[in-house]
Amino acid sequence: MNKDPYCRQMLINGKWIDSGDVGSFEVQNPATEEVIASLFRATADDVNNAVKSAEQAFKVWSKYSPSDRGRILRKASQIVEERKEQIALILTEEQGKPVKEAIGEVQKGADILRYYAEEGERVYGRIIANSDRAIDSHVIYHPVGPCAAISPWNYPVELVAWKIGGALAAGCTLVVKPPSLTPLSPILFIECLVDAGLPAGVINVCPGSGSDVGKILVESPGIKKVAFTGSTEVGKKLVQMCASAFKKVSVELGGQCPLIVCCDSDFEAAVAGAVRRSFRNMGQICIAINRIYVQRNIYERFIESMAARAKTLVIGNGLIDNSCDLGPMASEDGVCKSEQHIRDALGKGARLVIGGKRPENFSKGFFFEPTILADADHSMLVMQEETFGPVVGIMAYDTLDEAIALANDVSFGLACYAYTNSLIKADTLARNLISGNVAINNVDAGTINAPYGGWKDSGNGYEHGPEGLFEYLKAKHIRIKYQNRELRK
Ligand code: NAP
């Protein structure tokens with residue numbers, strides 16, 4: 001990795017170039033509020049050139065065999081691992097999460113490239129017997145074409161890696177619009193693919209704001225599929241934009257994820273899971289636990305234990321403090337939204353157990369204390385909307401049916417969590433929670449080789465697993481009549 005890590009360029013047709021137009025946009029360190037880089041913003045011409053280069057490259061890349069594509073993806077995965085620490089430092093500097101968490105994220109980026117290098121070789125067609133014995137139906141899969149990848153700032157490397165892995169393994173080419181708050185680490189990740197020998201134009205990068213660069217990209221006729229992760233509000237707009245051109249689109253959107261804790265559960269495991277999934281990455285995770293329903297006979301004990309455990313979390317500048325569990329939030333906006341949800345809940349009768357404010361020991365940075373609100377109810381924003389901050393509401397329940405009804409009583413359906421040692425309750429929960437992902441007795445709702453997607457307002461389509469690859473493929477039915485087959489042996 002020879003280039004300035006704060007690279008200020010965009011990638012078009014295999015070349016790192018400066019934009020011919022407009023000013024730069026700045027990237028800030030959320031722990032210090034210092035500006036750490038300025039990047040060129042792609043112009044409409046840059047986006048059009050990037051799409052053209054993806055169209056040209058598609059003619060070549062789609063003809064590569066899956067194993068040849070896999071070889072380059074595996075090489076890229078290896079380069080990412082070699083540069084893991086360097087990429088992670090920049091990721092921490094622009095996003096805020098502690099370096100150990102950032103290293104884990106970059107490693108996941110490497111893992112997904114390797115996974116899809118293998119999975120790309122397992123795209124099998126089908127031969128289907130017809131009622132007429134002379135005729136066979138063959139089903140084969142084609143890559144959909146040049147794709148747009150648009151992702152958010154909370155996991156800037158991992159979320160773009162999911163799209164890159166699936167798209168490239170399928171034989172598609174890409175134009176990536178990285179998130180404006182955190183464009184540096186995804187660009188460094190993409191540089192690993194270029195350095196692994198990816199042909200020019202297979203991946204292109206156009207930094208800039210979603211409302212201009214992102215919009216131009218999505219509307220470009222050369223783009224045949226849009227892979228989006230972000231807010232429900234923007235996701236709905238993009239689906240509408242794609243509809244008129246019958247453009248394929250997958251949207252991974254916001255969550256409002258419940259945890260149900262039954263009185264027969266492993267209590268300490270449930271408390272540990274609740275703390276980890278409510279506050280990790282300062283709650284800026286689509287599958288963060290936003291609301292917890294605890295069976296009434298263990299309600300007060302659970303709140304006390306969760307608060308005690310949450311108080312042990314160390315908040316710090318993840319770049320210089322190795323011991324910290326949590327960094328700052330990524331922006332001032334996130335802090336303001338957390339404060340708004342807390343004010344709303346307290347105004348409606350919630351009880352503040354811990355947190356609720358910015359910590360006093362930081363004069364700069366977007367730090368916020370992990371916050372637990374007890375005695376919450378569904379009139380409160382914290383129980384209905386996505387806070388995307390370190391804030392969780394807790395409520396007591398009496399029966400499992402009531403808990404399931406409460407868990408389902410939101411417009412989102414991304415992930416649900418539950419702790420119980422009863423097989424019957426686990427089965428009832430898994431089957432009745434209306435959500436794309438259900439995790440029982442653990443709080444890791446996704447894994448690389450199983451489909452990950454949201455239901456309801458949490459999205460449409462999948463990432464991870466074979467399903468994540470098939471999002472970039474379209475089926476072709478070929479019906480062949482073999483002359484005189486019935487007469488031949
Ligand atoms: P966002 O505002 O929707 O932005 C996501 C991406 O879309 C960014 O790159 C953004 O660019 C771009 N964008 C914004 N408006 C656009 C437009 N009109 N056309 C094209 N692109 C546009 O979301 P965010 O605040 O960055 O991320 C937080 C949200 O992502 C949360 O709701 C979270 O739950 C969700 N999320 C979901 C998953 C999942 O897997 N389901 C995973 C992670 C996060 P700019 O950066 O320039 O604004």
Side-chain angles (χ1 to χ4, degrees), residues 25-28 39 41-42 47 94-95 97 105 108 112 148-163 166 175-187 205-220 223 226-242 247 249-257 280-290 329-334 336-337 385-389 410-415 435-437 445-447 451-464 468 471:
F25 67 95
E26 292 178 335
V27 182
Q28 206 179 9
L39 271 82
R41 196 179 273 145
V47 178
E94 65 180 349
Q95 200 273 343
K97 69 186 58 161
E105 177 178 342
K108 284 190 173 171
I112 197 94
I150 302 179
S151 50
W153 47 263
N154 61 332
Y155 282 84
V157 169
E158 192 179 346
L159 295 171
V160 81
W162 294 1
K163 293 161 185 57
V175 181
V176 175
K177 193 217 79 69
S180 297
L181 277 184
T182 59
L184 302 171
S185 52
I187 291 177
V205 183
C206 289
S209 84
S211 49
D212 51 56
V213 172
K215 185 170 178 299
I216 297 168
L217 183 58
V218 169
E219 288 178 337
S220 169
I223 292 296
V226 174
F228 174 80
T229 301
S231 61
T232 298
E233 188 192 347
V234 174
K236 283 186 177 175
K237 271 192 217 157
L238 297 198
V239 170
Q240 282 164 7
M241 282 155 72
C242 292
K247 210 171 268 192
V249 58
S250 51
V251 286
E252 302 291 342
L253 308 176
Q256 223 295 358
C257 306
R280 192 172 184 210
N281 202 25
M282 291 301 267
Q284 302 164 122
I285 310 186
C286 51
I287 53 163
I289 292 171
N290 302 103
M329 298 191 71
S331 71
E332 174 70 16
D333 285 355
C336 293
K337 190 166 184 197
E385 287 186 12
E386 185 183 40
T387 311
F388 225 54
V410 295
S411 60
F412 299 96
L414 187 56
S435 170
N437 304 277
T447 187
Y452 171 76
W455 289 8
K456 302 200 279 186
D457 277 359
S458 293
N460 196 10
Y462 297 95
E463 294 194 290
H464 284 176
E471 291 283 345

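Read the numbers this way: they start at 1 and go in the same order the structure lists the ligands and their atoms.
Remark: W153 pairs with F388 by the ring pair (Phe, Tyr, Trp, His ring centres under 6.0 Å) rule, at least two apart or across chains. Listed by chain and residue number, I285 satisfy the side chain to side chain contact (heavy atoms under 4.5 Å, CB included) test with A288 (two or more places apart in sequence, or in another chain).
Within the structure, salt bridge (charged side-chain N to carboxylate O under 4.0 Å, His left out) pairs that include any residue of residues 229-240 comprise K236-D457 (at least two apart or interchain).
Here W455 and F412 keep their ring centres 6.0 angstrom or further from each other.
A 4.5 Å side-chain heavy-atom check between T182 and V27 finds every atom pair outside the cut-off.
Surrounding NZ of K108 are at most 12 heavy atoms belonging to other residues, nucleotides or ligands under 6.0 Å away.
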N or O contacts of ligand 1 with protein under 3.5 Å, please list pair by pair.
{"unit_1": "ligand 1", "atom_1": "3 (O)", "unit_2": "S231", "atom_2": "N", "d": "2.8"}
{"unit_1": "ligand 1", "atom_1": "3 (O)", "unit_2": "S231", "atom_2": "OG", "d": "2.6"}
{"unit_1": "ligand 1", "atom_1": "9 (O)", "unit_2": "S151", "atom_2": "O", "d": "2.8"}
{"unit_1": "ligand 1", "atom_1": "9 (O)", "unit_2": "K177", "atom_2": "NZ", "d": "3.3"}
{"unit_1": "ligand 1", "atom_1": "11 (O)", "unit_2": "K177", "atom_2": "NZ", "d": "3.1"}
{"unit_1": "ligand 1", "atom_1": "11 (O)", "unit_2": "G210", "atom_2": "N", "d": "3.4"}
{"unit_1": "ligand 1", "atom_1": "19 (N)", "unit_2": "G210", "atom_2": "O", "d": "3.2"}
{"unit_1": "ligand 1", "atom_1": "23 (O)", "unit_2": "S231", "atom_2": "N", "d": "3.4"}
{"unit_1": "ligand 1", "atom_1": "25 (O)", "unit_2": "W153", "atom_2": "NE1", "d": "3.3"}
{"unit_1": "ligand 1", "atom_1": "26 (O)", "unit_2": "W153", "atom_2": "NE1", "d": "3.2"}
{"unit_1": "ligand 1", "atom_1": "30 (O)", "unit_2": "G230", "atom_2": "O", "d": "3.3"}
{"unit_1": "ligand 1", "atom_1": "32 (O)", "unit_2": "E386", "atom_2": "OE1", "d": "2.7"}
{"unit_1": "ligand 1", "atom_1": "34 (O)", "unit_2": "E386", "atom_2": "OE1", "d": "3.4"}
{"unit_1": "ligand 1", "atom_1": "34 (O)", "unit_2": "E386", "atom_2": "OE2", "d": "2.4"}
{"unit_1": "ligand 1", "atom_1": "40 (O)", "unit_2": "Y452", "atom_2": "OH", "d": "3.2"}
{"unit_1": "ligand 1", "atom_1": "41 (N)", "unit_2": "L253", "atom_2": "N", "d": "3.3"}
{"unit_1": "ligand 1", "atom_1": "41 (N)", "unit_2": "L253", "atom_2": "O", "d": "2.7"}
{"unit_1": "ligand 1", "atom_1": "46 (O)", "unit_2": "S180", "atom_2": "N", "d": "2.9"}
{"unit_1": "ligand 1", "atom_1": "47 (O)", "unit_2": "K177", "atom_2": "NZ", "d": "3.4"}
{"unit_1": "ligand 1", "atom_1": "47 (O)", "unit_2": "S180", "atom_2": "OG", "d": "2.5"}
{"unit_1": "ligand 1", "atom_1": "47 (O)", "unit_2": "G210", "atom_2": "N", "d": "2.8"}

